[in-house]
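Worksheet for the structure shown next.
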2 protein chains.
Amino acid sequence: MPALAHHAPAAELADRLTRAEAACAQRGARLTDIRRTVLELILQAGEPIGAYALLDRLKDKSGQGKPPTVYRALDFLLAQGLIHRVERLNAFVGCHEEADHPHPVQFLICGECGNVAEFEDQAIGTAVATIASRSGFVVKRSIVEVEGVCAECATLAAG
Amino acid sequence: MPALAHHAPAAELADRLTRAEAACAQRGARLTDIRRTVLELILQAGEPIGAYALLDRLKDKSGQGKPPTVYRALDFLLAQGLIHRVERLNAFVGCHEEADHPHPVQFLICGECGNVAEFEDQAIGTAVATIASRSGFVVKRSIVEVEGVCAECATLAAG
DNA sequence: CGGGCGGGCGTTACGTTATAGCGTATCTGT
DNA sequence: ACAGATACGCTATAACGTAACGCCCGCCCG
């Protein structure tokens, strides 16, 4: 059981959903029932969750769904910046920021407890931009995923 | 057809294989026929290649092989630092360096031509280390994969 | 020499992740 | 109401990856 996995308080969850709705409305994007439910499931999970785990939960909730159902919802949520994909885990997490601005995504992935912390470090973004421009490379998206052991798990192991 | 994909000259390929053999011998690691062939196929490809594409080529060459055959060889080559895995593509590339020292791996991935350039930027490594230590996170491996358009493809598109 | 051990490999079977393609329904703007 | 675009249901299949078992062979030690 992941030590850091904590389900957000219900109030915070509701708040994040409300803000997601607002953000979508503002852009004319349609946060349908399925999409909203998938987002809710991801936020509830509190840790990275795979597409098929989401599918199972979706079926529990609404009795319906096939793989494309989930993948289409995920595509939408990714495009809206409401969630991120963790490449290393083939899994998805809610974006910790408000989705108002696109931002580079950087993760610390704990191999012990499975938790993922999102961070945003300017220096990394700058360094990537420098390297890219030096070779004429046009950056579309940059993936930074650091695997290791989080402070809590390291302490547990040591203590 | 990827614009940048170029098969290395045969002489260079042979040279890299020879050095791989030497590196393995030095460490007491056994570069068996299968492992050597898989490495050779990866180097020949000149661009990222998936496990099942490797399997097909392996079967063409030797008439044998199942998925575990390839995955076991890949595990070995990864452990020896002779190849890298590109998470974003679920594919593998030869390591451009001599495998004498482990090193953080950073890629520029062109979405147009499919080519991948490996680079090693000290600033990124430093920034990651800083972030990690600040939160007590112990880094085991760091993945940096930048998606975009390489200079050649950008020029083509513009011209 | 021969017995035990470990690594490498073959094989079967299965689990997991992701997408193609097509038809239907629903929503939106005019 | 109509036309076009978007969303969704469904079947099927592609693509990626691993568990588990047994055999064979080389090596080391007695």
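Convention: sequence-line order gives letters A, B, ...; per-chain numbering from 1. Hydrogens, waters and symmetry mates play no part in the numbers below; they use all other heavy atoms, side chains included. Note that the coordinates shown come from a computational prediction; the quantities given were computed from them, not determined experimentally.
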Inset, instruction - Assess whether side chain to side chain contact (heavy atoms under 4.5 Å, CB included) is satisfied between A/Gln64 and A/Thr69, documenting all intermediate values. - result: CA-CA 9 Å; A/Gln64 65 180 331; A/Thr69 311; over 6 Å; no

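Which of C/dA18, C/dG8, D/dA7 sits closest to the side chain of A/Thr32 comes down to D/dA7. Checking D/dG9, D/dC16, C/dG10 against the side-chain heavy atoms of B/Arg85 singles out D/dC16 as nearest.
An OP1 or OP2 oxygen of D/dT6 is reached within less than 4.0 angstrom by no side-chain nitrogen or oxygen of A/Arg30.
Straight-line distance from the CD1 atom of A/Ile34 to the P atom of C/dT26: 12 Å, rounded to whole Å. Rounded to an integer number of Å, the gap from A/Leu54 CG to C/dT16 C1' is 14 Å. Residue B/Asn90 contributes atom CG, which lies 16 Å from atom P of C/dT16 at whole-angstrom precision. Summarising the geometry, the separation between CG on A/Leu31 and P on C/dC27 is reported as 15 Å, rounded to the nearest angstrom. Between the CG atom of A/Leu55 and the C1' atom of C/dT19 there is a distance of 14 Å, given to the nearest Å. The CG atom of A/Asp33 sits 15 Å away from the C1' atom of D/dT6 (whole-angstrom rounding). Spacing between atom CD of B/Gln64 and atom P of D/dC24 amounts to 15 Å, rounded to whole angstrom units. D/dC16 atom C1' lies 16 Å from atom CG of A/Leu89, rounded to whole Å.
Taking 4.0 Å as the cut-off between side-chain N and carboxylate O, B/Arg88 and A/Glu87 count as a salt-bridged pair. Salt-bridge check for B/Glu40 with B/Lys61: passed, with a basic side-chain N closer than 4.0 Å to an acidic carboxylate O. The existence of a salt bridge linking A/Lys140 and B/Glu147 is excluded, since no basic side-chain nitrogen approaches an acidic carboxylate oxygen closer than 4.0 Å.
In this structure a side-chain-to-backbone donor-acceptor pair under 3.5 Å is present from B/Arg27 to B/Gln80. Of the possible donor and acceptor atoms, one in the side chain of A/Glu118 sits under 3.5 Å from a partner among the backbone N and O of A/His96.
Using a 4.0 Å cutoff on non-hydrogen atoms, the parts of residues 66-76 of chain A near DNA chain D are A/Lys66, A/Pro68, A/Thr69, A/Arg72, ordered by number.
Between A/Ala91 and B/Gly65, the residue anchored closer to the 5' end of DNA chain C is B/Gly65, taking for each the nucleotide with the nearest heavy atom.
A donor-acceptor contact under 3.5 Å is not formed by the side chain of A/Tyr52 with the base of C/dG15.
For B/Asp33, the CG atom is loosely surrounded, since the number of other residues' heavy atoms within 6.0 Å does not exceed 12.
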